[in-house]
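One is the number of the first residue; the rest follow in order along the sequence.
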Amino acid sequence: MVSPRGPPRARPTDMTTPGPLLPPYGVVVGLLLHLVVYLVAVLYSYAEQLFLKKDDNKIKKQDAPALCDLHCCKDEPIRNGLIGQKPPSINPERLKDFGEEDYLNGDVKTWEMKIVSRNEELLRDALSRIPQSSSRTSLSSSNKLIRFEDISAAAFKIQCGVQKTPCMYSRLSKQYGMDIYLKKEFLQYTGSVKERGVLYLLTSLPQDQQRKGVIVASDSNFSMAVAYHASELRIPVFVIMSTSTSPARVKMCREYGAMVISYGTTAKDSQTHARRLAQENAYLYLEEEDSAVYLSGLGTVGLEVYEQVPKLDAVIFPAGGHCGLLAGSAAALKHLNPRISVIGVESESFPVLQQSLKAGHPIEDQACSNHHFYGDVSGLCFGSNSLQLTGKLVDKVVAVREEDILISMLRLLEYERATVDAEGAIGLAALVAGKLPELKGKRVAIVICSGNLELHLLQQCIARALTLDNRVCRFSLVLSDSPGDISKLLEILAREEARVLDIKQEHTFVTSELFTVEVTCTVETRDKIHTAQLRNALLERYPTAAWTER
């Protein structure tokens with residue numbers, strides 16, 4: 001019997017069975033894994049590049065201070081002359097004078113690159129090789145040629161140890177009929193330009209000699225500069241001074257950091273003792289001489305003056321026996337512009353340089369004064385190198401009187417508020433004395449190189465200068481011994497606007513008639529014309545008035 005439902009139906013397939021669907025899921029998972037790995041690789045590569053850039057920046061930052069140690073403090077002033085605070089760097093154009101640079105511990109070692117030019121030939125003609133005296137135990141001077149490259153190297157090396165002093169327009173310009181610029185080297189820490197040569201000299205010493213120490217024997221500006229800069233460079237320094245040295249200078253030298261020893265009654269005794277100590281203890285005995293290193297340091301003044309004053313016509317320097325500043329600066333200025341006149345000024349009482357130039361060699365038997373007023377101006381001519389440079393490159397050397405130097409000191413104190421000594425004022429004294437009429441209407445720089453004058457001597461110099469300048473005068477006259485006559489005299493002085501500095505009355509030793517008094521007055525006036533007016537007014541009333549001649 002056939003079933004009415006028909007043939008049996010096939011059992012439907014179970015849709016939940018995983019067998020046929022495994023391949024599609026595997027593909028998806030694989031793709032996802034590949035994508036994740038790719039993203040991780042990209043992120044790792046990007047992060048690695050970022051880290052590398054950071055490391056490069058760190059390296060650059062670490063290297064930067066070593067390359068800019070001598071330039072990074074461009075606008076910061078020097079504090080007490082320390083090397084840590086640095087002045088404006090030198091003109092970048094000078095870098096062409098260096099052949100190679102090696103930065104080591106913040107210092108620059110330079111190897112010279114010989115540049116043959118007409119100016120160098122001029123300097124070569126100016127010097128001849130002179131054998132060094134065997135009696136000298138100081139730093140050996142090889143008497144090599146001083147070149148412009150040497151001066152440029154010195155300027156680069158000492159720029160952080162000395163002040164770049166201003167060279168400013170002076171109010172004295174109108175009084176003397178020319179544009180006067182004063183190079184104020186007395187603003188150096190020890191008050192002297194000698195710091196430039198001394199610092200370059202000390203930094204050029206071998207390291208073993210710096211460890212052993214140096215010794216000097218004088219109370220000059222050179223010794224003061226050695227005491228200060230050797231202490232700053234941590235070089236042991238000993239200064240031998242005679243027992244006649246001013247206590248103020250001894251104290252100042254000790255404050256700079258030197259070991260000061262008093263020995264002997266004269267400078268020669270202290271020098272002999274210093275040489276003996278140097279030989280026994282391996283110290284280097286230093287004395288001011290015209291080695292190429294020292295002259296190069298001093299010559300940096302010429303570089304700075306040329307940079308600071310455009311269109312210069314002439315530069316005036318102090319001269320005398322120690323003419324290293326004049327010779328070194330002349331070498332720099334004549335190289336930069338041969339048309340600039342270089343003029344030296346020395347004292348008429350000690351024309352050491354002029355006599356040495358005439359003789360053709362340093363004068364050894366010149367009688368020199370030991371008075372502290374003149375300082376190095378009256379010293380012996382100490383070297384043939386500087387003498388020959390001066391004879392070849394310096395245009396003119398003039399001599400001035402002591403009176404002109406004193407008045408020059410007074411002018412600088414009044415117009416520039418500058419307290420200087422004879423060596424610092426002698427350059428201006430040439431204009432005060434009228435010795436350089438050819439400079440009228442021109443642009444002139446004067447180097448004021450030193451300001452170390454003892455206080456008691458300064459007082460005497462200013463008092464004497466006021467008298468020489470007809471600013472202080474003295475007169476005496478005989479009056480009746482009554483208060484009325486004295487008051488009338490004071491009325492005349494008040495009317496003439498004269499300031500009474502001192503008035504004395506003498507009763508006992510008066511040789512005139514009885515009951516009279518001799519009155520001596522010291523008064524201050526404005527100038528020579530005012531003094532003449534006062535004198536005429538007094539002579540009208542007191543014909544017997546006697547004026548004390550200066």
J.: Thr265 and Thr243: which non-hydrogen atoms are nearest, and at how many Å?
T.: CA-OG1, 3.7 Å

J.: Side chains of Leu233 and Leu199: closer than 4.5 Å at any heavy-atom pair?
T.: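 Yes, at least one pair of side-chain atoms sits under 4.5 Å.
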
J.: Should we count CD of Glu524 as having more than 12 external heavy atoms under 6.0 Å?
T.: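 Yes - once you tally the heavy atoms of other residues, nucleotides and ligands closer than 6.0 Å, there are more than 12.
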
J.: Return the set of residues passing side-chain contact (heavy atoms from CB on, under 4.5 Å) with Tyr415 (not counting sequence neighbours), or none when no residue passes.
T.: Arg171, Leu172, Gln175, Arg411

J.: Apply the test salt bridge (charged side-chain N to carboxylate O under 4.0 Å, His left out) to residues Glu304 and Lys183: give CA-CA distance (whole Å), side-chain angles for both, the deciding distance (0.1 Å), then the verdict.
T.: CA-CA 9 Å; Glu304 289 188 7; Lys183 179 64 172 172; 2.7 Å; yes

J.: Counting distance only, does the side-chain N/O of Ser329 pair as donor-acceptor with the main-chain N or O of Leu326 below 3.5 Å?
T.: no

J.: For residues Asn452 and Arg249, determine if any side-chain heavy atom of one lies less than 4.5 Å from a side-chain heavy atom of the other.
T.: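 Yes - at least one pair of side-chain heavy atoms lies under 4.5 Å apart.
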
J.: What residues, two or more places apart in sequence or in another chain, satisfy ring pair (Phe, Tyr, Trp, His ring centres under 6.0 Å) together with His530?
T.: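 His530: no ring pair (Phe, Tyr, Trp, His ring centres under 6.0 Å) contacts found.
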
J.: Quick one: are Tyr176 and Val432 in side-chain contact, heavy atoms under 4.5 Å?
T.: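 Yes; the side chains approach each other to less than 4.5 Å.
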
J.: What do the steps show when you test Val309 against Tyr306 for side-chain contact (heavy atoms from CB on, under 4.5 Å), and what is the final call?
T.: CA-CA 6 Å; Val309 184; Tyr306 183 81; over 6 Å; no

J.: Less than 4.5 Å apart, side chain to side chain, heavy atoms only: is that true for Ile446 and Ile180?
T.: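 Ile446 reaches Ile180 side chain to side chain.
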
J.: Between His335 and Phe148, how do the two ring planes meet: parallel, tilted or perpendicular, split at 30° and 60°?
T.: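 Because their plane-to-plane angle is under 30°, the rings of His335 and Phe148 count as parallel.
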
J.: So, does Ser408 use its side chain to make a donor-acceptor pair with the main chain of Asp404 at under 3.5 Å?
T.: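 Not confirmed, Ser408 side chain does not pair with Asp404 backbone.
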
J.: A side-chain contact here means heavy atoms from C-beta on lying under 4.5 Å apart; do Arg275 and Glu287 qualify?
T.: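 Of all side-chain heavy-atom pairs linking Glu287 with Arg275, at least one is under 4.5 Å.
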
J.: Over 60° means perpendicular and under 30° means parallel, so classify the ring planes of Tyr189 and Tyr256, tilted if in between.
T.: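 Because their plane-to-plane angle lies in the 30° to 60° range, the rings of Tyr256 and Tyr189 count as tilted.
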
J.: Is there a side-chain contact (heavy atoms from CB on, under 4.5 Å) between Thr190 and Asn221? Walk through the geometry before answering.
T.: CA-CA 8 Å; Thr190 63; Asn221 292 332; over 6 Å; no

J.: Taking the side chain as every heavy atom from C-beta outward, state whether Glu185 and Leu325 have any pair of such atoms under 4.5 Å apart.
T.: no

J.: Can you establish whether the number of heavy atoms outside Met178 located under 6.0 Å from its atom CE is more than 12?
T.: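 Buried by this count: over 12 neighbours within 6.0 Å.
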
J.: Find out whether Lys194 and Glu288 are in side-chain contact, i.e. whether some heavy atom of one side chain is under 4.5 Å from a heavy atom of the other.
T.: yes

J.: Sequence neighbours excluded, which residues qualify as ring pair (Phe, Tyr, Trp, His ring centres under 6.0 Å) partners of Phe238?
T.: Tyr283

J.: Determine, stepwise, if the pair Leu393 / Val342 fulfils side-chain contact (heavy atoms from CB on, under 4.5 Å).
T.: CA-CA 8 Å; Leu393 302 178; Val342 179; over 6 Å; no

J.: Looking only at the side chains, is there a donor atom on one of Ser242 and Ser244 sitting less than 3.5 Å from an acceptor on the other?
T.: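 A donor-acceptor contact under 3.5 Å links the two side chains.
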
J.: Answer whether the closest heavy-atom distance between the side chains of Leu439 and Ile316 falls below 4.5 Å.
T.: yes

J.: Does the distance from a Lys or Arg side-chain N to an Asp or Glu carboxylate O, for Lys334 and Asp395, drop under 4.0 Å?
T.: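 Answer for the salt bridge query: yes.
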
J.: Under the criterion side chain to side chain contact (heavy atoms under 4.5 Å, CB included), which of Arg464, Arg401, Gln460 is the partner of Leu406?
T.: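 Single pass found, and it is Arg464.
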
J.: For a quick check under 3.5 Å, do Thr531 and Asn470 share a side-chain donor-acceptor pair by atom type?
T.: no

J.: Pairing donors with acceptors under 3.5 angstrom, does anything connect the side chains of Glu402 and Ser349?
T.: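 No, Ser349 and Glu402 have no side-chain donor paired with an acceptor closer than 3.5 Å.
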
J.: For Asp269 and Thr272, run side-chain contact (heavy atoms from CB on, under 4.5 Å): C-alpha distance rounded to whole Å, both residues' side-chain angles, the deciding distance at 0.1 Å, then the answer.
T.: CA-CA 5 Å; Asp269 294 337; Thr272 303; 5.6 Å; no

